[in-house]
Amino acid sequence: MVQKALEEIKRGVAEIIDEERVVKLLKNYYENGENYYIKAGFDPTAPDLHLGHTVLIQKMALMQKYGARVQFVIGDFTGMIGDPTGKNETRKKLDRETVLENAKTYKQQVFKILDPDKTDIVFNSKWFTQMGSIGLVELTTTFNVARMLEREDFEKRFKSNTPISISEFLYPLLQGYDSVALKSDIELGGTDQKFNLLMGRHLQRAYNVGKEQAVITMPLLEGLDGVNKMSKSLGNYIGITESPDDMFGKIMSISDDLMWKYYEVLSNKDLEEIGELKRGVKDGLLHPKKAKEMLALEIVARYHDSNKAQNAKVEFDKVHAKKELPSDMDEFTLEAPIWIAKALNIIGLENSTSQARRDIKQGAVKIDGKKCQDEQLQLQKGEYILQVGKRKFAKVRVE
RNA sequence: GGUGAGAUACUCAAGCGGCCAACGAGGGCAGACUGUAAAUCUGCUGGUUUUUACCUUCGGAGGUUCGAAUCCUCCUCUCACCA
């Protein structure tokens with residue numbers, strides 16, 4: 001039992017630190033029925049979860065089946081500082097209301113995956129506002145600058161003389177302290193979080209919690225561009241609240257290579273099955289597009305339902321493979337006569353009339369399926385279907 | 001605190017009195033090709049209905065000049081070296 005659970009848990013993970021402890025926890029669950037706590041922290045600034053987050057969340061959901069209680073930490077306090085990992089931009093201070101609002105959104109999204117009965121949502125401001133400045137200084141005495149500079153991005157920035165704010169040193173300490181306050185048994189995070197996750201271990205020791213958490217890191221999921229990690233600020237993400245059509249289309253647009261990565265960390269299919277698909281594609285028995293469709297169907301069905309997923313697929317084929325019009329389009333009413341470029345701008349298909357002119361020149365604009373050649377064209381009364389590029393459509397009534 | 005260097009469009013980065021809406025690279029958008037892809041090739045990438053024109057942009061505010069991203073003054077910010 002333990003062995004099987006461990007195997008499933010290990011799938012797709014980047015690294016497990018202190019695997020022995022994980023085994024112990026599992027054993028204890030099966031033999032004595034005792035639960036254990038797994039923690040993961042989330043930033044309250046961006047309440048929209050995307051598939052990159054779900055890699056982590058799905059893993060937690062899996063572990064809930066094996067005795068884990070999830071501590072879903074909303075970093076409302078730490079969020080004010082901002083994790084220095086990656087880009088460093090000063091964070092806006094979030095007011096209480098926004099944080100609560102975001103937390104609500106989190107709940108809605110997260111419980112599509114996690115079991116609510118086995119999940120605690122906690123805010124880390126709860127213990128940090130009570131800590132006080134003395135407590136904070138005490139926290140800082142547990143670590144030193146040299147060790148702190150071991151963190152890769154700090155080291156890089158230090159060497160290249162890029163400024164590091166003192167408050168950024170605080171971040172790993174605070175995140176680690178969450179594990180002290182919550183007495184977590186395991187903490188999950190992306191591979192870029194490794195340093196912070198290990199800090200939890202260090203602090204649990206320093207504060208004599210009586211245990212040191214194991215750490216499980218998950219690989220970072222690349223975004224749609226296939227290069228950078230999926231993130232909202234880069235715009236290469238697939239949000240779990242997106243419409244079935246958008247979600248389906250976005251998944252279909254990833255490259256074939258990336259598809260397998262997605263399969264590994266996002267699909268519920270077991271590894272053998274995925275291996276078979278992979279072989280099938282390699283041997284030419286299975287079209288890669290088919291394989292990708294299956295993936296897209298599975299994921300869309302998870303966040304919507306299988307009917308909607310199926311519809312999204314049909315719609316997708318209709319628009320892209322058969323080059324027919326989508327069944328749903330935004331509709332607008334404009335006054336006649338109207339200049340085509342202006343019309344495109346008003347209905348939001350183009351950012352400016354200048355951009356519209358350029359696209360018309362390039363033959364990217366279609367009216368009722370026919371290329372528009374004349375950039376001076378005035379639309380007279382009637383109904384038109386305007387299209388820019390392959391994906392942007394709108395129905396326009398001119399009167 | 002002292003000295004020096006720098007701030008250019010989404011990002012990086014040229015330009016250093018007129019030929020600058022500003023080289024180039026990345027990104028983005030579009031076209032061809034395809035499986036809607038990826039890769040590749042090509043075009044575009046400040047705005048404005050009148051587009052071999054006009055307007056707004058090169059950290060901010062003034063000034064010199066027929067003319068300034070380019071020169072001068074002050075301010076703000078960043079970096080480096082020294083203390």
Side-chain angles (χ1 to χ4, degrees), chain A residues 86-90 156-165 222-238 244-263 277-278 280-282 284-297 300 312-326 334-346 348-367 369-380 386-393:
Chain A
K87 298 241 164 86
N88 60 315
E89 281 167 22
T90 325
K156 263 190 214 147
R157 282 161 68 188
F158 189 68
K159 279 190 179 152
S160 64
N161 291 311
T162 314
I164 303 170
S165 156
E222 287 93 344
L224 300 174
D225 52 26
V227 180
N228 297 304
K229 78 165 185 174
M230 187 177 281
S231 89
K232 203 175 179 192
S233 51
L234 291 172
N236 61 357
Y237 68 100
I238 305 174
D245 288 346
D246 285 344
M247 207 183 265
F248 194 92
K250 280 188 180 180
I251 295 168
M252 290 306 284
S253 80
I254 64 172
S255 75
D256 292 354
D257 288 339
L258 191 57
M259 163 170 75
W260 301 116
K261 181 87 184 271
Y262 275 45
Y263 253 120
L277 289 176
K278 212 167 179 175
V281 168
K282 202 179 155 203
L285 299 171
L286 179 69
H287 197 293
K289 192 187 169 197
K290 274 270 171 285
K292 215 182 289 176
E293 270 173 10
M294 285 160 65
L295 177 69
L297 282 171
V300 175
K313 178 189 171 327
V314 170
E315 184 72 11
F316 186 85
D317 284 341
K318 189 171 155 191
V319 177
H320 295 288
K322 295 182 198 153
K323 305 226 180 273
E324 286 173 17
L325 296 169
L334 300 166
E335 269 178 51
I338 185 156
W339 179 35
I340 176 71
K342 192 85 196 163
L344 289 168
N345 178 226
I346 289 172
L349 256 42
E350 294 281 18
N351 290 324
S352 67
T353 54
S354 298
Q355 183 62 44
R357 296 171 84 107
R358 283 185 219 113
D359 279 341
I360 292 167
K361 262 184 218 158
Q362 292 192 95
V365 174
K366 284 182 190 162
I367 301 172
K370 273 177 282 183
K371 258 184 202 168
C372 171
Q373 311 276 1
D374 178 14
E375 61 178 72
Q376 292 299 334
L377 183 77
Q378 299 287 334
L379 289 178
Q380 302 303 330
L386 304 182
Q387 180 184 357
V388 179
K390 283 175 195 143
R391 293 186 189 175
K392 288 183 281 187
F393 296 89

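A, B, ... follow the sequence lines: proteins, then strands. Residue 1 opens every chain. What you are looking at is a predicted structure, and each value in this text was computed from that prediction instead of being measured.
For the pair Asn345(A) CG and U49(B) P, the interatomic distance rounds to 8 Å; values are reported in whole Å. Regarding Gln355(A), its CD atom lies at a distance of 19 Å from the P atom of U51(B), rounded to whole Å. Put simply, NZ on Lys392(A) is 8 Å from P on C29(B), counting in whole angstrom units. Atom-to-atom, CD1 of Ile360(A) to P of U49(B) comes out at 12 Å; the value is rounded to the nearest Å. Rounding to whole angstrom units, CD of residue Glu293(A) and P of A37(B) are separated by 14 Å. Atom CH2 of Trp339(A) and atom P of U51(B) are 10 Å apart (whole Å). Rounding to whole angstrom units, CD of residue Glu222(A) and C1' of A38(B) are separated by 14 Å. The distance from atom OH of Tyr262(A) to atom C1' of A37(B) is 13 Å, rounded to the nearest whole Å.
A gap of 50 Å separates the C1' atoms of A32(B) and A80(B), to the nearest Å. Rounded to a whole angstrom, the distance from the P atom of G4(B) to that of C54(B) is 43 Å. Comparing the same atom, C1', in C72(B) and in A22(B) gives a spacing of 23 Å after rounding to whole Å. G59(B) and A9(B) have their P atoms separated by 8 Å, given to the nearest Å. The gap from the C1' atom of C55(B) to that of G62(B) amounts to 23 Å, rounded to the nearest Å. Across U56(B) and C44(B), the matching P atoms stand 26 Å from one another, rounded to whole Å. When the P atom is compared between G60(B) and C66(B), the two are found 25 Å apart, to the nearest whole Å.
Under the Watson-Crick or G-U wobble criterion, with both distances below 3.5 Å, G28(B) is paired with C44(B). Applying the Watson-Crick and G-U wobble criteria (two distances, each under 3.5 Å), U65(B) pairs with nothing in any strand. Within the shown strands, G2(B) is the pairing partner of C81(B) under the Watson-Crick or G-U definition, both distances less than 3.5 Å. Pairing partner, U76(B): A7(B), with both Watson-Crick or wobble hydrogen-bond distances short of 3.5 Å. Pair assignment for U52(B): none, as no Watson-Crick or G-U wobble contacts are both less than 3.5 Å. For G17(B), there is no paired base (Watson-Crick or G-U wobble, both distances below 3.5 Å). A 3.5 Å limit on both hydrogen-bonding distances identifies no Watson-Crick or G-U partner for U57(B).
The main-chain N or O of Leu349(A) is found under 3.5 Å from a side-chain atom of Lys392(A) such that the two form a donor-acceptor pair. For Tyr262(A) (side chain) and Ile254(A) (main-chain N/O), no donor-acceptor pair under 3.5 Å exists by modelled atom type. Side-chain N or O atoms of Glu222(A) include none that pairs as donor or acceptor with a backbone N or O of Lys229(A) at under 3.5 Å.
Residues Met252(A) and Lys366(A) each lie close to RNA chain B; by heavy-atom proximity, the contact nearer the 5' end of the strand is made by Lys366(A). Where Val388(A) and Pro337(A) meet RNA chain B, the nucleotide closest to each residue was compared, and Val388(A) sits on the side nearer the 5' end.
In terms of polar N and O atoms assigned as donor or acceptor, the side chain of Arg357(A) comes within less than 3.5 Å of the base of U51(B) in a complementary pairing. No donor-acceptor contact under 3.5 Å links the side chain of Asp225(A) to the base of G27(B).
Distances from the side chain of Ser354(A) to the nucleotides C29(B), U34(B), U48(B) place U48(B) closest. Of all nucleotides listed (A30(B), G47(B), G35(B)), G35(B) comes nearest to the side chain of Lys292(A). Closest to the side chain of Ser352(A), out of A38(B), G31(B), G47(B), is G47(B). Here the side chain of Arg358(A) is nearest to one of G35(B), U34(B), G47(B), namely G47(B). In the set G35(B), C44(B), U48(B), the nucleotide with an atom closest to the side chain of His287(A) is G35(B).
Closest approach of Leu295(A) and Met259(A) over heavy atoms only: CD2-O, 4.0 Å. Residue Tyr237(A) comes nearest to Lys250(A) through the heavy atom pair O-NZ, 3.1 Å, listed as atom of the first residue, atom of the second, then distance. When all heavy atoms of Lys292(A) and Ile251(A) are compared, the pair lying nearest together is CD-O, 3.6 Å.
Contacts of Ile254(A) with the nucleic acid, taken as non-hydrogen atoms under 4.0 Å apart, involve only primed sugar atoms and P, OP1 or OP2. Among the atoms of the strands shown, only primed sugar atoms or phosphate atoms (P, OP1, OP2) are found under 4.0 Å from some heavy atom of Thr353(A). As judged by a 4.0 angstrom heavy-atom cut-off over every strand, Lys342(A) is placed among residues touching the sugar-phosphate backbone only. Across all strands, Gln378(A) comes closer than 4.0 Å to base atoms (heavy-atom distances). Contact annotation for Gln376(A): base contact, defined as any heavy-atom pair under 4.0 Å involving a base atom.
Open room surrounds NZ on Lys290(A); 12 or fewer heavy atoms of other groups in view lie less than 6.0 Å from it. More than 12 heavy atoms of other residues, nucleotides or ligands sit less than 6.0 Å from atom CG of Asp374(A).
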